[in-house]
Amino acid sequence: MHIHQSSLSPKLKDNRYSIYRGRTRLLLALFILILAVSTGRFFYLQIIKGGELRDLREQNINDFEYIYPKRGRILSSDGVVLAEDRKIYSIAIDLEQKPSERSIEIFANIFSDKTDFESVKSKVEQSLKFRRSNIVLTKIGQEELAKFLVRGEDLIGFSIVEDYERQYDPHPSFFHVLGHMGYLNQSDIDHFSPKIDEYNPKLWRKVGKSGIERVYENELQGKHGTKFFQRNARGDRRVITDQEPFSEGNEIRLSIDYSAQKLAYELMQNNKGSIVVIDLKDFSIPVAVSTPSISANDLRGISTAQYQELLNDPSRPLFNRAFMGLYPPGSSIKPLFATFALSNAYTTWEETIFDDGFFRFEEEQRVFNAWKEGGHGYTDLSKALIESSNPFFMNLSIKYEKSKFVELLESSSFGSKLCEDCYPHQYSPLINDSWKRKNFGKDLFKGDFINLGIGQGYMLTTPLHLSLIAGILASKGQYKLPYLAKSNSLEFSINVDIGEADWVKLNQALIDVVYSSNGTGYRINAGNLNLAGKSGTAQVVDISSREEYDEVRENINLRDHAIFIGYAPFDDPRYSIAVIVENGESGGRVAGPIARDVLKELLDDI
């Protein structure tokens, strides 16, 4: 059999060779292109972006967290700790060591009074699912901590977490002075950002919401520490590589006297009102009480419903009456107006009027009733202060020149801030034409001064301001602004020009208010305290007769406020005081004895 072998023509061979060569060149070109791209990418990543990528890698592996600083302590003037951060312990799930069923069971048995197996297991599962170390038990006591440490080997997957919690002296007298802490909100950011250099709100969970805690936030807050660590591929924290400790906040020492503050609160017997004392040596504040009140510790962990209940409480325990309350000063303002009347020759110590229990304002054909039926008879300035004659001071008030009266109020710090570190703080309004136009659409007229002249009508003062006015009288018209922690070196004086003899006579009249049998403060029984002062009552509602008041007083909340301002010792004044007992009716009988006991406590400590 013959087999025929065909052979490829030279032309066909050339075609096949060309195809193979073309394919080879294409593959070579693709290889070179891929190599070039790879080389370029490698060059870009390693040379051009190498530093940046190394940093990013380090950031992914190496991380840090801030260590929350310990807040500074707040102390009383005598060194008692009023507020401090205390270490607390919690138990958390350790993501590095997954808790076993056995560990969970042991944990639940040890702390059976606080949790159970299913609850702990659920928290463990949630932690592992979201790679987040959940807290299982918070703020455990020393006994629970000891239990955990003793059984630590059996509790693999659980760890102790340390933190700090703000603790306050539990006595309610300190709440309004100290203030309290709360979670940071936008209002806080707006408040602190312009006041604190380089303020970073992301670093803070809680800030001071009121009182000293808010005023001295910058000083108290401290500086964060930093903890550095490395993460594994799953992003879990693995090894702590370095740590920079936090800096504790500064300590703040207040002028508050621990014992006197507590006593003042107790003397108020939970009546609504306030007591403020000023140390005339430096115008610091050793006592600032607002009643009723709460402990700042009560606000920690409080629910929204519970907080709303406090806000709705008719006794307003969250309201700082000492610095924010506005009250008609009543007759307690008369000594200040006496200096004004003497300075402008509206009266003298010798001038007398006949007080028959009424003041008749002829221009408006109005008759004003006085508090004492039948009046005080022939009355001079001294008697008008001692017995508190309204007609005498009403008669003076219609002589007042508006501009000079406003200057007196301005120089006595009406309409301006009295204390830089008292927060929140209300001004006693400056009563002038612009104030009345803003509130009533018209200027002051002569009839307004009749009520202003006896501390009623538009006249409103804070307890802090009344204590300062008592201090101004004790210091013969000179004063500084009160403070709780940091003093102000500025000195002020009221706009009056009276001689030493006038101050001596005024001082004697205020002594006689307390020690003379016809003085409105005689029932204070001040003994050897050497107390000088002025009592007052402030009307809550406008009434025109004693009979009308007898009907009104059946409602306790409509009774007059009881007021007393004073200073002691009267021969070398050290402290001034203002006491307001809301609806207490009698300044001499109710407010005065409280002032006596508070001043005695302070003077006994000297």
If you look at every heavy atom in V287 and A260, which pair is closest and at what distance? CG2-CB, 3.7 Å
Give the C-alpha distance, both sets of side-chain angles, the deciding distance and a yes or no for side chain to side chain contact (heavy atoms under 4.5 Å, CB included) between F564 and I524. CA-CA 10 Å; F564 182 84; I524 294 173; 3.5 Å; yes
Please determine whether a side-chain nitrogen of the Lys or Arg among D433 and K442 lies less than 4.0 Å from a carboxylate oxygen of the Asp or Glu. no
Hey, does the side chain of S293 reach the backbone of T291 with a donor-acceptor pair shorter than 3.5 angstrom? no
Side chain to side chain contact (heavy atoms under 4.5 Å, CB included) partner of N271, the single match among I580, V590, V581: V581
Evaluate the side-chain proximity of L310 to P317: yes if any heavy-atom separation is below 4.5 Å, no if none is. yes
Hey, are K436 and D448 close enough for a salt bridge, meaning a charged N less than 4.0 Å from a carboxylate O? yes
Check whether E213 reaches the backbone of L178 with its side chain - one donor and one acceptor, N or O, closer than 3.5 Å. no
Look only at the side chain of T537 and the backbone of E585, and say whether a donor-acceptor pair between them is shorter than 3.5 Å. no
In F393, F405, F392, the residue satisfying ring pair (Phe, Tyr, Trp, His ring centres under 6.0 Å) with F337 is F405
Under 4.0 Å between a Lys/Arg side-chain N and an Asp/Glu carboxylate O for E582 and R321? yes
In this structure, are over 12 heavy atoms from other groups packed under 6.0 Å from K402 atom NZ? yes
Tell me the ring-ring contact (aromatic ring centres under 6.0 Å, His included) pairs involving residues 471-520, sequence neighbours left out? Y479-F492
For A526 versus R596, what's the shortest heavy-atom pair and its separation? CA-CD, 4.1 Å
Taking side chain as C-beta onward, heavy atoms only, is I454 less than 4.5 Å from S331? no
Using 0.5 Å steps for rounding, measure from the CG atom of L381 to the CG atom of L396. 7.0 Å
Are any of the side-chain nitrogens in D282 or K480 under 4.0 Å away from the carboxylate oxygens of its partner? no
Between D380 and T352: side-chain donor-acceptor atoms closer than 3.5 Å: no
Taking only residues two or more places apart in sequence, or in another chain, which ones meet F414 in a ring pair (Phe, Tyr, Trp, His ring centres under 6.0 Å)? H465
Side-chain donor or acceptor of S332 paired with backbone N/O of P329 under 3.5 Å: yes
Is any side-chain heavy atom of F323 less than 4.5 Å from a side-chain heavy atom of T462? no
Looking only at side-chain N and O atoms, does K372 offer a donor or acceptor that is under 3.5 Å from a partner on S389? no
Which heavy atom of S274 sits nearest a heavy atom of A322, and at what distance? OG-CA, 3.1 Å
Is the closest side-chain heavy-atom distance between D443 and R437 below 4.5 Å? yes
Take atom CD in E309; do more than 12 heavy atoms of anything else shown fall under 6.0 Å from it? no
I'd like to know if the side chain of S77 pairs up with that of S255 as donor and acceptor (distance under 3.5 Å, no hydrogens or angles considered). no
For the atom pair OG1 (T339) and CG (L473), what is the distance rounded to the nearest 0.5 Å? 7.0 Å
Step through the shown structure and confirm whether more than 12 heavy atoms of other residues, nucleotides or ligands are within 6.0 Å of CG on D604. yes
Is the closest side-chain donor-acceptor distance between N495 and E407 under 3.5 Å? yes
State, without any angle test, whether Y258 and D169 hold a side-chain donor-acceptor pair at a distance under 3.5 Å. yes
Apply side-chain hydrogen bond (donor to acceptor under 3.5 Å, both in side chains) to Y400 and N344, showing your working. CA-CA 9 Å; Y400 293 167; N344 290 280; over 6 Å; no
Is any side-chain N of the basic residue among K486 and D421 closer than 4.0 Å to the acidic one's carboxylate O? no
Does the side chain of T520 come under 3.5 Å of the side chain of S535 through a donor N or O and an acceptor N or O? yes
After noting the C-alpha distance and the side-chain angles of Q456 and Q539, does the key distance pass the side chain to side chain contact (heavy atoms under 4.5 Å, CB included) rule? CA-CA 8 Å; Q456 297 284 168; Q539 291 182 352; 3.9 Å; yes
Closer than 4.0 angstrom, basic N to acidic O: yes or no for K383 and E350? no
Do H191 and R214 come within less than 4.5 Å of each other through their side chains, counting heavy atoms only? yes
Keeping S343 on the side-chain end and D497 on the backbone end, is there a donor-acceptor pair under 3.5 Å? yes
Go through the steps to decide whether K399 and E351 satisfy the test salt bridge (Lys or Arg N to Asp or Glu O under 4.0 Å), and finish with yes or no. CA-CA 14 Å; K399 302 176 185 178; E351 181 185 18; 3.6 Å; yes
Would Y458 and F440 count as a ring pair (Phe, Tyr, Trp, His ring centres under 6.0 Å) if you check the C-alpha gap in whole Å, the side-chain angles of each, and the deciding distance to 0.1 Å? CA-CA 11 Å; Y458 305 134; F440 297 97; 5.1 Å; yes
Could you tell me whether F340 and Y346 have their ring centroids closer than 6.0 angstrom? yes
Would you check if the side chain of H176 reaches a backbone N or O of V289 as a donor-acceptor pair within less than 3.5 Å? no
Straight-line distance of S416 OG to L481 CG, nearest 0.5 Å: 7.0 Å
With N451, which residues qualify under side-chain hydrogen bond (donor to acceptor under 3.5 Å, both in side chains), at least two apart? none
If we only count heavy atoms from C-beta on, is the P328 to L460 side-chain gap below 4.5 Å? yes
Cationic N near anionic O, under 4.0 Å, R574 to D279: yes
To the nearest 0.5 Å, tell me how far K262 NZ sits from S76 OG. 10.5 Å
Measuring from L409:CG to N432:CG, what's the distance to the nearest 0.5 Å? 8.5 Å
Are K476 and E500 close enough, and set up right, to give a salt bridge (Lys or Arg N to Asp or Glu O under 4.0 Å), and what steps lead you there? CA-CA 9 Å; K476 301 176 182 178; E500 179 65 22; 2.7 Å; yes
Using atom types as modelled and distance alone, determine if a side-chain donor or acceptor of N297 lies under 3.5 Å from a backbone N or O of Y168. yes
Would N390 and K334 count as having a side-chain donor-acceptor pair, cut-off 3.5 Å? yes
Would the distance check show the side chain of S475 and the main-chain N or O of I472 forming a donor-acceptor pair, the cut-off being under 3.5 Å? no
Without swapping roles, check the side chain of H561 against the backbone of N583 for a donor-acceptor pair under 3.5 Å. yes
Test your reading of the model: is there a side-chain donor-acceptor pair from Q261 to the backbone of A288, 3.5 Å cut-off? yes
From L82 atom CG to F175 atom CZ, the distance as rounded to the nearest 0.5 Å: 14.0 Å
Where does the angle between the aromatic ring planes of F361 and F359 fall among parallel (under 30°), tilted (30 to 60°) and perpendicular (over 60°)? parallel
Compare all side-chain heavy atoms of V276 with those of L466 and state whether any distance is below 4.5 angstrom. no
Within the structure provided, determine whether N507 and F570 are in side-chain contact (heavy-atom separation under 4.5 Å). yes
